[in-house]
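Just below is one structure, and these are the notes that go with it.
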Amino acid sequence: MKTKNKIFTFLLSGCVAFSSAQTSKFTLDLDGTSTNIKIQPTMYGIFFEDINFAADGGIYAELIKNRSFEFNEPLTGWKQQNTKTLSPNLDSGFLTIYSDNSKTNKNYARITVYNDKNYILENEGFRGIGLHQNSRYDFSFDLENVSGNISAVNASLIDENGKIISTVPILINGKGWQKYTAVFSPSRTVEKTKLQITFTGNGVANMDMISLFSQDTWKGRKGGLRKDLVQKLYDLQPGFLRFPGGCIVEGRTLAERYQWKKTLGNVADREYLINKWSSGFAHRLTPDYYQSFGLGFYEYFQLSEDLGAEPLPILSCGMACQFNTAELVHLEELNPFVQDALDLIEFANGNESTKWGKIRAEMGHSKPFNMKYIGVGNEQWGEDYIERYKIFEKAIHSKYPDIKIISGSGPSPDGEFFEYGWKELKKLNAQIVDEHYYNSPEWFTKNAGRYDAYDRSGPKVFAGEYAAQSVGVVKPDNKNNWQTALSEAAFMTGLERNADVVTMTSYAPLFAHADGWQWTPDLIWFNNLQSYATPNYYVQKLFSNNKGTDLIKISENGDAVKGQNQLFASAVKDGKNNEVIIKIVNTDSQEKSIEINPKNIKLGSKLTKTTLTSSQLSDENNFQTENIKPLEENSVIKKGKFSVQIPSNSFVVLKIK
């Protein structure tokens, strides 16, 4: 009797285990009846801000830090190995900073060489200088031979052990300032090298704009952008490029705000500015973080054009960052800020007969950039913002009625300031309101229905900054793990399902240098040689590459699929490619079998199933391997209903043609 009981208990527990391991089955109805809701071309875009070395030290391919000695500490990034502070240095030499206050970039280095066998000047780059074997690097500098018999500058790239990777001598001739150039051809690949400069002959020379660029830049442009990073942006097929931020627009003080006019013209004449994020977080102080503006507004517009994305510049509204000084411009003194906005529209869209259109043409782009959007302020809040927004809106739309203005609702997705901002902006018939949310993965899955009840007759929504935080906001231990990406995918089905309200979305921040970051998580990580895409990047890519043109309804028992049974879904038609695209997210630890039941729609027979998943929610990608990336499989389906398997904790895109 005991034995039988044991057997019965074993069989029962086995049946329970078998039953629990079975795949759950669900039916989703796909209704092709027109919703009259278009997916805007701007639905999925890019948010760019120079944080985490995103511009200088990142996408802007300059490899020399503080190339023209303009940092507040002018020798930041530079080292004189054999020079002592309290010494005449007769056995080597020394460098002194001279200034010409008539210039925007006023500093230059006066180098006195007493012993050319012993004087060495080095630059550390941005956490090192990365070199690729057999690539070619353009080296240049401005030099004035003041006195003595200096006949050559000897430039070398050396590794961390002092071994030379590549070296070039540059002969010096004549008097007066001259530009000198040379080309490095590294003998091997090294992640962290330094630039070393020595001299042949003793004497005094002035130097400025010491620069090093790979020749292999995006589109081969000299002094251009880092190719692998731009390629990742291009692969997203973004609908817009928002620039230059972000809090960097506002500045810690108004004097440190982003001023677009100062980023135009000759790169060597652009005035340096300390980066707001140099001291943004106590846990990642970065005092050597400045903006050279080699990536300025002209280059941002050019990048937008390269990417096929709408340019979306954000301008200061006369309010410094409210998390810092909260400095304000008095309303009666706001006109120069408003004029900056009007002039920017002329710069982007004016013909060559206009003042700012002529400047754009002189920089190399005779045709207008056809800018359609402009942002007034970043994430300001309160009455001060609304007062200033009114003035900007009136001035812009009086002169340029077709420009769409992005306004802000503050830094949070709810609360008193958020509610106040929305209430006032609705009264003002604002066109597009920017919302920001950095929150837990649980928040994102719970808020997949956030926009279901939004007023369809009110302003459109720009989900301008969002990212799931694995630990918490501004926590240095946040990870770009699969859990955060999966929760964002679930949330994004809700964005897409509400495309009549939400017309623009972008993850933030975009880039992070592995050794120079201030904020985590981030969409794309890079070091001096490589970059990798996070799981979050692939979620963005799958949505953006499959945005479609028209929203269609997908439901379970007549209800939107927004978390019931841990399933989330949205669906679109692509009128250009004659496709139907279904996005399904399963946040359950069990696989699900989904039957798609088409109604009022004719489906093709070719099914492409793209799956993004990982075995552990804590899994991440890294520089060695991208384990979490989309996998495609093709099949043929019969007319009518069809079934697909949706793995546990996965994001699946079904494309039917």
Restricting to side chain to side chain donor-acceptor pair (under 3.5 Å), what partner residues turn up for Ser99, sequence neighbours left out?
Asn107
Asn82: which residues meet the side-chain contact (heavy atoms from CB on, under 4.5 Å) condition with it, sequence neighbours left out?
Ser92, Asn118, Ile120
State which residues pass ring-ring contact (aromatic ring centres under 6.0 Å, His included) with Phe126; sequence neighbours excluded, sorted by chain then number.
none
Using the salt bridge (Lys or Arg N to Asp or Glu O under 4.0 Å) rule, collect all pairs that involve residues 47-62, keeping only residues at least two apart or in two chains.
Glu62-Arg67
Distance to the ring centre below 6.0 angstrom and angle to the axis at most 45 degrees; does that hold for Arg110 and Tyr98?
yes
Sequence-distant partners of Tyr466, ring-ring contact (aromatic ring centres under 6.0 Å, His included), two or more places apart:
none
Side chains of His365 and Lys367: closer than 4.5 Å at any heavy-atom pair?
yes
Would you please indicate yes or no on a ring centroid separation below 6.0 angstrom for Phe69 and Trp78?
yes
Hits for ring-ring contact (aromatic ring centres under 6.0 Å, His included) against Trp519, two or more places apart or cross-chain, chain-then-number order -> Phe281, Tyr438
Test of understanding: with side-chain contact (heavy atoms from CB on, under 4.5 Å), list the residues that count as partners of Ala320, not counting sequence neighbours.
Leu254, Thr325, Glu327
Which residues pass the side-chain contact (heavy atoms from CB on, under 4.5 Å) test with Gln259, sequence neighbours left out?
Arg257, Lys262
Listing request: all salt bridge (Lys or Arg N to Asp or Glu O under 4.0 Å) pairs with a residue in residues 188-205, at least two apart in sequence or in separate chains.
Glu122-Lys194, Asp159-Arg188, Lys192-Asp515
For Phe213, check ring-ring contact (aromatic ring centres under 6.0 Å, His included) against everything at least two apart and list the hits.
Tyr60
Are Phe139 and Leu212 packed together at the side-chain level, in the sense that at least one heavy-atom pair is separated by less than 4.5 angstrom?
yes
Who pairs with Leu131 by side-chain contact (heavy atoms from CB on, under 4.5 Å), at least two apart in sequence or on another chain?
Ile129, Tyr137, Leu157, Ile165, Pro186, Thr193
Scan the side chains in residues 229-239 for donor-acceptor partners under 3.5 Å anywhere in the protein, sequence neighbours excluded, and list what turns up.
| residue | atom | partner | partner atom | Å |
| --- | --- | --- | --- | --- |
| Gln231 | NE2 | Asp235 | OD1 | 2.9 |
| Lys232 | NZ | Ser531 | OG | 3.0 |

